[in-house]
Amino acid sequence: MPSRNFFVTADDFGITKRISDGMMHLAQKGVIHRLSLLTNMPGTSHALNLAKENPSVPIGLHFNLTEGRPLTPTCKSLVSPSGHLWRRGQLLPRLMTHSISRYEIRGELITQFEVIRNVGVPVAYLDSHQHVHVLPVIADVFQEFAMQQGLPIRYPLPVGIRSSWNLSHALLKILLTLNPIPKALLANQTLASVFDLGKEVIEVKDYSFIKTRFPAEGIHELMVHPYVKDDEGLLEVYEQEGFKKKSGFLKMAYQEYEMLNTIE
């Protein structure tokens, strides 16, 4: 699958131990090229150890402002009364009404970044969980930090791989128009995922199809979420109610691991 203008990134490295093991296995096979690490999850420490043991696999920060608890205990605007980070649907209206502190966003970004760097693992790039880095206010903080660190970022412009209209993609394109990436920043030109196909069953040929949809010029990214089946570990992350809400995503993520693991 690798090519000079195409790379594969696995998101959510670190979410649980078992899922992290599975992702690193795929990286060792060469099916995955990069791993984006969540730094506030039960499997984070284990994932960092895997990263230290496999220094040839690039590790990026998967900046997270929408799931779990923050790493900076003093932040108030980023969390709900329960102490958990606001969900994405709750976060956007708070950003629009200036209820989220820019200072706290930057502080949490730096703290999550340092979790990786402090153990001696170089941070190769930056992206974010659920693409929060394209939201108002967060985009400015994120881009400024990336330029200060001299790191490339993810540009999540969707590739047209689905015939039907997609609301989330339309909103994403609007946000990217409103918050364009400065030319000084390195980034891919487009992004795609098998999840975007709208299928219930993933097939290996879907990855080849997506690759044909990338433009011939530029650098393009395939985002994957290959989860080894780990209901027990994920229940620790989401608890029962959240786990049920994730059932559709998890069904696809479990399939994605099985499909990618068949590719040599």
Side-chain angles (χ1 to χ4, degrees), residues 1-3 5-13 15-16 18-27 29-36 38 62 66-67 87-89 127-132 134 154-176 188-216 218-231 233-235 237-238 242-264:
M1 292 180 70
S3 72
N5 73 328
F6 168 79
F7 60 88
V8 184
T9 305
D11 286 6
D12 302 347
F13 186 52
I15 191 167
T16 75
R18 288 196 65 206
I19 291 171
S20 299
D21 284 338
M23 289 184 180
M24 185 57 78
H25 168 67
L26 294 177
K29 288 180 64 174
V31 176
I32 286 172
H33 308 142
R34 316 191 308 179
L35 297 170
S36 292
L38 289 165
H62 201 47
T66 55
E67 289 188 324
R87 298 297 185 189
R88 181 170 52 178
D127 59 30
S128 68
H129 193 50
Q130 300 179 333
H131 301 325
V132 297
V134 304
R154 170 180 288 167
Y155 186 64
L157 179 65
V159 173
I161 59 175
R162 188 174 176 178
S163 57
S164 59
W165 187 73
N166 187 301
L167 175 60
S168 63
H169 283 185
L171 292 174
L172 192 56
K173 290 177 180 178
I174 291 171
L175 288 167
L176 290 171
N188 56 293
Q189 278 71 60
T190 63
L191 182 76
S193 165
V194 289
F195 287 54
D196 298 338
L197 292 170
K199 300 177 62 175
E200 292 188 4
V201 178
I202 298 172
E203 302 174 84
V204 171
K205 67 180 182 181
D206 294 331
Y207 298 99
S208 298
F209 167 73
I210 290 173
K211 187 176 178 182
T212 67
R213 304 296 292 180
F214 285 128
I219 305 297
H220 309 284
E221 181 177 5
L222 174 63
M223 175 181 64
V224 297
H225 294 82
Y227 282 25
V228 171
K229 189 173 177 59
D230 186 16
D231 290 357
L234 289 169
L235 277 168
V237 175
Y238 297 119
F243 181 76
K244 288 181 180 178
K245 290 180 180 179
K246 287 280 185 178
S247 61
F249 166 80
L250 294 176
K251 176 184 175 182
M252 295 292 287
Y254 292 158
Q255 284 186 50
E256 183 149 55
Y257 178 80
E258 294 300 325
M259 287 299 99
L260 291 176
N261 200 32
T262 66
I263 298 173
E264 296 296 334

Is the shortest heavy-atom distance from the side chain of [X] to the side chain of [Y] under 4.5 Å?
| X | Y | result |
| --- | --- | --- |
| V237 | E67 | no |
| F13 | M24 | yes |
| H25 | Y257 | yes |
| D196 | N166 | no |
| T16 | Y227 | no |
| V8 | V31 | no |
| K199 | V194 | no |
| M23 | P226 | yes |

For the student: nearest non-hydrogen atoms of [X] and [Y], plus distance:
| X | Y | result |
| --- | --- | --- |
| V134 | L176 | CG1-CD2, 3.6 Å |
| G218 | N5 | O-CB, 2.9 Å |
| P215 | T190 | CD-OG1, 4.2 Å |
| H169 | P158 | ND1-CB, 3.5 Å |
| L191 | H131 | CD2-CE1, 3.6 Å |
| F243 | Y238 | N-CB, 3.5 Å |

Tell me whether R88 at atom CZ has more than 12 heavy atoms from other residues, nucleotides or ligands lying less than 6.0 Å away.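 No, because the 6.0 Å sphere around CZ of R88 holds 12 heavy atoms or fewer from other groups.
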
Atom NZ of residue position K245 - does it have more than 12 heavy atoms of other residues, nucleotides or ligands inside 6.0 Å?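 At most 12 heavy atoms, drawn from other residues, nucleotides or ligands, come within 6.0 Å of this atom.
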
Distance, nearest 0.5 Å, that separates [atom1] of [X] from [atom2] of [Y]:
| X | Y | atom1 | atom2 | answer |
| --- | --- | --- | --- | --- |
| M259 | D206 | CE | CG | 9.5 Å |
| I219 | N188 | CD1 | CG | 8.5 Å |
| L260 | K29 | CG | NZ | 8.5 Å |
| T212 | Y207 | OG1 | OH | 14.5 Å |
| S247 | L234 | OG | CG | 12.0 Å |
| R213 | S208 | CZ | OG | 14.0 Å |

Start with the C-alpha distance between L222 and K211, add both sets of side-chain angles, then the distance that settles side chain to side chain contact (heavy atoms under 4.5 Å, CB included), and finish with yes or no. CA-CA 8 Å; L222 174 63; K211 187 176 178 182; over 6 Å; no

Check the angle between the aromatic planes of F6 and H33 and answer parallel, tilted or perpendicular using the 30° and 60° thresholds.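 Aromatic pair F6/H33 classed perpendicular.
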
Determine, step by step, whether H62 and D12 satisfy the side chain to side chain contact (heavy atoms under 4.5 Å, CB included) criterion, reporting the C-alpha distance in whole Å, the side-chain angles of both residues, the deciding distance to 0.1 Å, and the verdict. CA-CA 7 Å; H62 201 47; D12 302 347; 3.3 Å; yes

salt_bridge(D127, R34) N-O dist < 4.0 Å: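 Salt bridge: no.
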
Passes side chain to side chain contact (heavy atoms under 4.5 Å, CB included), K229 versus E258? Steps please. CA-CA 10 Å; K229 189 173 177 59; E258 294 300 325; over 6 Å; no

Side-chain donor-acceptor pair under 3.5 Å between D11 and H129, yes or no?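 The criterion, which ignores hydrogens and geometry beyond distance, is not satisfied for H129 and D11.
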
Hey, does the side chain of Q255 reach the backbone of E200 with a donor-acceptor pair shorter than 3.5 angstrom?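 Answer holds: yes.
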
Distance flag, aromatic centroids of F214 and H220, threshold under 6.0 Å: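 Yes - the distance between ring centres of H220 and F214 falls below the 6.0 Å cut-off.
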
